[in-house]
There are 2 protein chains.
Amino acid sequence: MNEAYRSGCPINLTLEVLGDRWSLIVIRDIMFGNRRHFRELLQNSEESIASNILADRLKRLVERGLLSREDDPSHKQKGIYSLTEMSIRLVPIFAEMGAWGRRFMPVSEELSIRAQLLEEGGRPLWEDFMEELRVLHLHAPRDPAKPSVFDRLRAAYLEVVARNAAAADAAE
Amino acid sequence: MNEAYRSGCPINLTLEVLGDRWSLIVIRDIMFGNRRHFRELLQNSEESIASNILADRLKRLVERGLLSREDDPSHKQKGIYSLTEMSIRLVPIFAEMGAWGRRFMPVSEELSIRAQLLEEGGRPLWEDFMEELRVLHLHAPRDPAKPSVFDRLRAAYLEVVARNAAAADAAE
DNA sequence: TCAACTGCTTGCTTTTTGCAACTGGTTTAA
DNA sequence: TTAAACCAGTTGCAAAAAGCAAGCAGTTGA
């Protein structure tokens with residue numbers, strides 16, 4: 001029982017849970033990449049996370065309520081990691097971090113198009129996206145009339161990838 | 001020359017600069033506590049940062065453009081640390097982190113009243129606050145008609161402190 | 001002149017990160 | 001039926017970072 005936090009400041013407490021170089025990366029990949037299995041997170045990792053770090057982070061995030069893990073009925077060894085309400089509510093933080101990174105850091109076009117859409121869409125879009133994540137991860141009922149933010153983000157990303165690939169081909 | 005970032009993703013790049021347990025704490029204390037000297041940051045630290053870590057973070061943050069340092073004309077040894085436009089633009093991230101921490105972590109009332117005001121004030125308040133930080137840290141011209149967000153945050157904080165101290169006295 | 005204060009630095013131990021190889025079990029396809 | 005590929009991690013070790021306590025030279029104010 002050593003739940004001794006450094007202080008009761010909300011910024012500090014958020015940092016104590018998420019303030020390392022990998023936790024938010026893992027959540028980002030689950031949230032925006034819809035990667036739900038260990039191998040998916042490991043092998044598609046843009047930043048090349050090591051397997052022991054990934055295992056440790058998944059464990060910690062589950063312990064702290066930011067992820068949940070259940071067995072995949074289709075495969076005895078597979079586990080499915082899902083977001084929780086706690087991590088779904090990180091969407092505004094991701095959106096603000098994406099906006100800040102886009103403004104001040106040397107981002108690549110491909111990997112920042114989604115951040116751009118999220119920034120331009122503002123809070124209403126974030127709310128739609130969070131509602132969608134609840135459907136996907138918390139088995140919440142889905143409103144079939146609403147177009148998917150997730151699909152829009154992915155379509156925009158794939159479009160940039162395709163355009164850049166075509167431009168690269170043309171340049172050869 | 002090893003500016004080899006892990007990836008060009010804006011979330012990742014933000015994390016590579018700020019994703020550790022102390023950088024944002026230091027910036028928070030300069031931003032919300034208006035601590036501008038080394039000793040102020042060290043001795044008033046709610047989370048008890050060690051002096052070598054503080055020295056290292058200040059150096060890194062200056063190198064990366066998140067802080068600037070100038071000599072204090074009133075004392076040959078004193079340095080004054082200031083925010084830059086880059087760190088002033090972290091206000092929305094701090095506001096969202098504060099809101100998240102308040103919702104999901106065991107925050108103390110005293111240390112979260114400012115986060116509450118920032119959350120309730122929303123983006124217009126954040127903009128006012130950023131403009132004020134520019135006056136304070138970037139020597140930007142000040143609009144004398146505007147009431148200070150900084151003062152309002154501090155007043156709210158001191159009020160909670162005083163109220164709780166009075167309640168503690170009464171309980172004895 | 002001397003105590004207190006200034007921004008750090010040093011030396012040391014503990015903890016975390018990172019790398020690479022490996023494990024035991026499961027599924028798939030020949 | 002059996003071998004190859006896939007599954008979620010583990011293990012052992014080296015390197016880097018964090019944390020702690022003490023110390024330092026220069027500066028200031030009484």
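Values below: every heavy atom of this structure, side chains too, minus hydrogens, waters and symmetry copies. Each chain gets a letter, A, B and so on, in the order the sequences are listed, and its residues count up from 1.
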Inset, instruction - Could you check Arg69(A) against Arg6(A) and say which one's nearest nucleotide on DNA chain D is further toward the 5' end? - result: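 By nearest-heavy-atom nucleotide position, the 5'-most residue is Arg69(A).
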What integer distance in Å separates [X]:[atom1] from [N]:[atom2]?
X        : N       : atom1 : atom2 : result
Leu67(A) : dA8(D)  : CG    : P     : 15 Å
Leu54(B) : dA17(D) : CG    : P     : 18 Å
Arg21(A) : dA17(D) : CZ    : P     : 8 Å
Phe38(A) : dG9(D)  : CZ    : P     : 6 Å
Glu70(A) : dA8(D)  : CD    : P     : 14 Å
Asn44(B) : dG7(C)  : CG    : P     : 12 Å
Arg39(A) : dT26(C) : CZ    : C1'   : 13 Å
Lys78(A) : dT26(C) : NZ    : C1'   : 11 Å

Nearest to the side chain of [X], which nucleotide is it out of [options]?
X        : options                   : result
His75(B) : dA20(C), dT28(D), dT17(C) : dT28(D)
Ile53(A) : dC7(D), dG11(C), dG18(C)  : dG18(C)
Asn52(A) : dT6(C), dT10(C), dT11(D)  : dT11(D)
Ser51(B) : dA21(D), dT26(C), dA20(C) : dA21(D)
Ala55(B) : dA8(D), dT9(C), dA17(D)   : dT9(C)

Inset, instruction - Look at the side chain of Gln77(A) against the base of dG25(C) and say whether a donor-acceptor pair falls under 3.5 Å; ignore hydrogens and angles. - result: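 Result: at least one qualifying N/O pair found.
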Inset, instruction - Could you tell me whether the side chain of Ser23(B) and the main chain of Leu18(B) form a donor-acceptor pair under 3.5 Å? - result: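 It does not hold such a pair.
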Inset, instruction - Verify, without hydrogens or angle tests, whether Glu96(A) (side chain) and Pro92(B) (backbone) share a donor-acceptor contact under 3.5 angstrom. - result: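 The answer is no, because no donor-acceptor pair under 3.5 Å joins these two groups.
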Inset, instruction - With heavy atoms under 4.0 Å as the rule, sort Asp56(B) into base, sugar-phosphate or nothing. - result: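 Touches nothing.
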Inset, instruction - For His37(B) and for Ser48(A), find the nucleotide of DNA chain C with the closest heavy atom, then tell me which residue's nucleotide is more 5'. - result: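 The residue mapped nearer the 5' terminus is His37(B).
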Legend entry - Below 4.0 Å: OP1/OP2 of dA17(D) and any side-chain N or O of Trp22(B):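 The answer is no; no side-chain N or O of Trp22(B) sits under 4.0 Å from OP1 or OP2.
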Inset, instruction - For residues Arg57(A) and Asp20(A), report the shortest heavy-atom separation together with the two atoms involved. - result: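 Taking Arg57(A) first and Asp20(A) second, the nearest heavy atoms are NE-OD2, 3.1 Å.
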Inset, instruction - Taking all non-hydrogen atoms of both residues into account, name the closest pair between Thr84(B) and Leu67(B) and its distance. - result: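 Minimum heavy-atom contact is CG2-C, 3.7 Å.
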Inset, instruction - Assess the pair Phe94(A) and Phe32(A): is the distance between their ring centroids shorter than 6.0 Å? - result: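 Centroid distance Phe94(A)-Phe32(A): below 6.0 Å, so yes.
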